[in-house]
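I have placed the structure first, in the form of structure tokens, so that the comments after it can refer back to it.
The basis for the numbers below is simple: all heavy atoms, side chains too, and nothing from hydrogens, waters or symmetry mates.
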Amino acid sequence: MECETNLRALRLRHGLQLTELSEASWLSDQYISRAELGQTAPTPRLEGQLADAVEQVILRRAAAVRELSRDFRRYRGRLLEVGGVE
């Protein structure tokens with residue numbers, strides 16, 4: 001019987017993709033999936049790699065949200081004007 005780890009619950013709750021974690025951790029999607037389903041040994045090294053990967057994703061997303069916020073403020077009040085974002 002498979003169990004759901006906190007990583008999987010966190011990933012699913014917040015829409016983190018396996019590919020995001022894979023790119024940030026240099027681990028394969030399949031390996032991460034097996035780890036979060038409790039099918040691999042939960043070593044301290046793996047825990048650290050995955051924690052670092054989640055933190056990297058958080059930082060990337062925070063930067064993207066800041067950029068979206070800046071762009072939104074620039075176009076607020078003119079969102080439906082023709083011309084597109086430069």
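How far CG of L10 is from OG1 of T5: 9.5 Å, rounded to the nearest 0.5 Å. Atom CG in D29 sits 8.5 Å away from atom CD in E23 (nearest 0.5 Å). To the nearest 0.5 Å, atom OH of residue Y31 and atom CD of residue Q49 are 7.5 Å apart. Atom NE2 of residue H14 and atom CD1 of residue I58 lie 8.5 Å apart, to the nearest 0.5 angstrom. Distance CD/Q17 to OG/S22: 12.0 Å, rounded to 0.5 Å. From D71, atom CG reaches atom CZ of R74 across 5.0 Å, with rounding to the nearest 0.5 Å.
In this structure, the side chains of E4 and L12 come closer than 4.5 Å at one or more pairs of heavy atoms. In this structure, R34 and L37 have side chains that are not in contact, with every pair of non-hydrogen atoms separated by 4.5 Å or more.
Using a cut-off of 4.0 Å between Lys/Arg side-chain N and Asp/Glu carboxylate O, E20 and R61 are scored as salt-bridged.
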### Task
Report the C-alpha separation of L7 and L50 in whole Å, then their side-chain angles, then the decisive distance to 0.1 Å, and conclude whether the side chain to side chain contact (heavy atoms under 4.5 Å, CB included) test is met.
CA-CA 8 Å; L7 173 62; L50 292 171; 3.7 Å; yes
#### Entry: Working for side chain to side chain contact (heavy atoms under 4.5 Å, CB included), residues L18 and E36
CA-CA 10 Å; L18 281 172; E36 70 181 11; 3.9 Å; yes
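Listed for the R11 side chain is a donor-acceptor partner under 3.5 Å among the backbone atoms of L16. With S25 contributing its side chain and L21 its backbone, the two residues share a donor-acceptor pair below 3.5 Å.
Taking every heavy atom of both residues into account, A35 and T40 meet most closely at CA-OG1, 3.1 Å.
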